[in-house]
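Below is the structure I would like to discuss, written out as structure tokens.
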Amino acid sequence: MSIISVNNVVTTFEDNIVHDGLNLNINEGEIYGLLGPSGCGKTTLLREMVMLQQYSSGSIEILGHELNGISEENAQKLRQKWGVLFQSGALFSSLTLAENIALGLVEYSNLSTKMIQEIVSFKINIVGLKQSDANLYPSQISGGMKKKAALARALALDPKLLFLDEPTSGLDPISARDFDGLILKLRDLLGLSVVMVSHDLKSIYDTLDKIAVIDNKKIVYEGNIENIKYEQSEFIRTFFKANI
């Protein structure tokens with residue numbers, strides 16, 4: 001079942017056309033990758049999906065809701081059905097990890113402090129952090145720990161849809177592969193659907209069920225990794241040359 005449908009999306013910044021009629025469909029339970037050369041608009045599309053940025057024309061439908069003209073009330077309800085992991089983690093530096101993870105629960109639920117603490121403890125555990133990490137500040141932890149804490153925050157409201165922007169960026173190879181395994185485990189454990197922007201070729205091969213490649217303002221390929229070898233896009237030939 002399709003949970004995200006992008007239809008003929010056009011994005012322009014003044015006279016600069018970034019997307020010129022994008023079309024793609026993301027199904028429930030997939031780990032779906034957005035690929036393409038730098039500047040092609042991968043993160044821009046991700047931002048449009050999570051309503052941080054407006055597209056110029058076309059339509060995006062997520063979880064049965066058309067984003068064009070959506071009311072602020074419905075938009076707020078929809079935002080609570082997904083989690084977002086930004087490339088840098090985007091943790092609040094003045095808050096502990098536990099406070100960062102609890103933020104959405106404090107703002108958008110009527111749960112007791114005790115229940116919020118229990119949920120935060122569970123989220124810390126499932127992303128592979130230690131309970132002793134909860135009272136640390138972002139400046140006191142490694143890059144890999146920041147990614148895990150930001151992931152725990154993205155999962156705080158029990159979303160079924162997760163958006164990841166370059167999740168292994170800045171991580172050493174061991175931490176990156178550890179994070180890949182975590183995403184696969186959480187997809188199965190929590191029944192997640194995942195949309196991921198990535199340049200990490202190892203991560204792409206190890207985690208993605210389906211990919212869309214944006215190049216020259218269009219989707220030049222949508223499908224699985226196995227069939228990409230038949231495509232003639234210059235970016236695809238260059239990017240995947242060692243593996244196709």
Side-chain angles (χ1 to χ4, degrees), residues 3-4 26 29-34 42-43 46-47 49-50 52 62 79-109 116-200 202-204 206-209:
I3 59 167
I4 299 178
I26 300 171
E30 285 182 334
I31 301 180
Y32 188 103
L34 298 174
K42 304 180 295 296
T43 296
L46 195 74
R47 288 174 57 84
M49 289 179 178
V50 299
L52 289 177
I62 300 183
R79 289 186 186 103
Q80 293 176 40
K81 295 181 179 180
W82 63 55
V84 183
L85 173 60
F86 297 98
Q87 183 172 342
S88 64
L91 295 172
F92 291 99
S93 59
S94 61
L95 301 180
T96 66
L97 300 193
E99 289 168 339
N100 267 282
I101 296 165
L103 196 59
L105 294 162
V106 172
E107 291 290 327
Y108 301 116
S109 79
I116 289 175
Q117 289 173 342
E118 289 179 359
I119 293 171
V120 169
S121 177
F122 174 68
K123 303 302 180 183
I124 285 173
N125 183 58
I126 64 171
V127 299
L129 291 172
K130 300 174 183 177
Q131 293 302 319
S132 58
D133 297 328
N135 295 320
L136 298 176
Y137 288 86
S139 61
Q140 298 174 307
I141 61 176
S142 68
M145 291 173 69
K146 287 178 184 177
K147 296 272 190 178
K148 289 181 177 180
L151 179 60
R153 184 179 62 183
L155 296 172
L157 293 173
D158 293 328
K160 290 301 181 185
L161 178 57
L162 187 61
F163 293 96
L164 310 176
D165 187 10
E166 299 281 7
T168 58
S169 174
L171 299 181
D172 64 80
I174 294 174
S175 297
R177 302 295 72 83
D178 178 52
F179 201 88
D180 288 341
L182 178 59
I183 294 301
L184 289 167
K185 183 187 82 170
L186 292 176
R187 188 268 301 269
D188 296 337
L189 178 67
L190 303 177
L192 294 170
S193 303
V194 181
V195 183
M196 179 193 306
V197 171
S198 182
H199 280 109
D200 184 336
K202 178 68 172 167
S203 182
I204 288 165
D206 287 352
T207 64
L208 300 183
D209 299 307

Heavy-atom donor-acceptor pair, R187 side chain to G29 backbone, under 3.5 Å: yes
Mind checking whether L151 and I183 have side chains closer than 4.5 Å, heavy atoms only? yes
For the backbone of L95 and the side chain of N100, can you confirm whether one donor and one acceptor N or O come within less than 3.5 Å of each other?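 Such a contact is found between N100 side chain and L95 backbone.
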Does the K147 side chain pair with the main chain of S169, one donor and one acceptor, at a distance under 3.5 Å?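 Looks like yes, one N/O pair under 3.5 Å.
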Shortest non-hydrogen separation from E99 to T96 and the atoms involved: OE1-N, 2.9 Å
Check this for me: K202, atom NZ, are more than 12 non-hydrogen atoms of other residues, nucleotides or ligands nearer than 6.0 Å? no
Going through the distances and angles, do V194 and L164 end up as a side chain to side chain contact (heavy atoms under 4.5 Å, CB included)? CA-CA 7 Å; V194 181; L164 310 176; 3.6 Å; yes
Would D158 and I119 count as a side chain to side chain contact (heavy atoms under 4.5 Å, CB included) here? Give the steps. CA-CA 10 Å; D158 293 328; I119 293 171; 5.9 Å; no
What's the shortest heavy-atom distance between G83 and P159, and which atoms? N-CB, 3.7 Å
Does CD1 belonging to I174 count more than 12 external heavy atoms closer than 6.0 Å? no
Measure from the side-chain N and O atoms of K160 to the backbone N and O of L190, and report whether any donor-acceptor pair falls under 3.5 Å. yes
Between the side chain of Q131 and the main-chain N/O of S121, is any donor-acceptor distance below 3.5 Å? yes
Tell me the closest heavy-atom pair linking D200 and T168, and the distance in Å.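 Smallest interatomic distance, heavy atoms only, reads OD2-OG1, 2.9 Å.
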Quick one, I4 with Y32, criterion side chain to side chain contact (heavy atoms under 4.5 Å, CB included). Give me CA distance, side-chain angles, the key distance, then yes/no. CA-CA 11 Å; I4 299 178; Y32 188 103; over 6 Å; no
Is a side-chain donor-acceptor pair under 3.5 Å present for D180 with T207?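 Per modelled atom types, T207 and D180 side chains form no pair under 3.5 Å.
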Contact summary for A152 and I101, nearest pair of heavy atoms: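 Scanning both residues completely, I find the closest heavy atoms to be CB-CD1, 3.7 Å.
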State, with a plain yes or no, whether a side-chain heavy atom of Q87 is found less than 4.5 Å away from one of P167.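 SC-SC contact between Q87 and P167 ruled out.
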What are the two closest non-hydrogen atoms of K42 and L34, and how far apart are they?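 Distance-wise, the nearest heavy atoms are CD-O, 3.5 Å.
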Would you check if the side chain of K146 reaches a backbone N or O of L91 as a donor-acceptor pair within less than 3.5 Å? no
Please find the pair of heavy atoms, one from S109 and one from I116, that lie closest to each other, and give the distance. OG-CD1, 4.5 Å
The side chain to side chain contact (heavy atoms under 4.5 Å, CB included) partners of L208 (sequence neighbours excluded) come to I31, L35, M196, I204, I211
With F163 via ring-ring contact (aromatic ring centres under 6.0 Å, His included) - residues at least two apart: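 Listed in chain order: W82.
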Where do K81 and L161 land on the side chain to side chain contact (heavy atoms under 4.5 Å, CB included) test, with the steps shown first? CA-CA 7 Å; K81 295 181 179 180; L161 178 57; over 6 Å; no
Are the side chains of F92 and R153 in contact, using a 4.5 Å heavy-atom criterion? yes
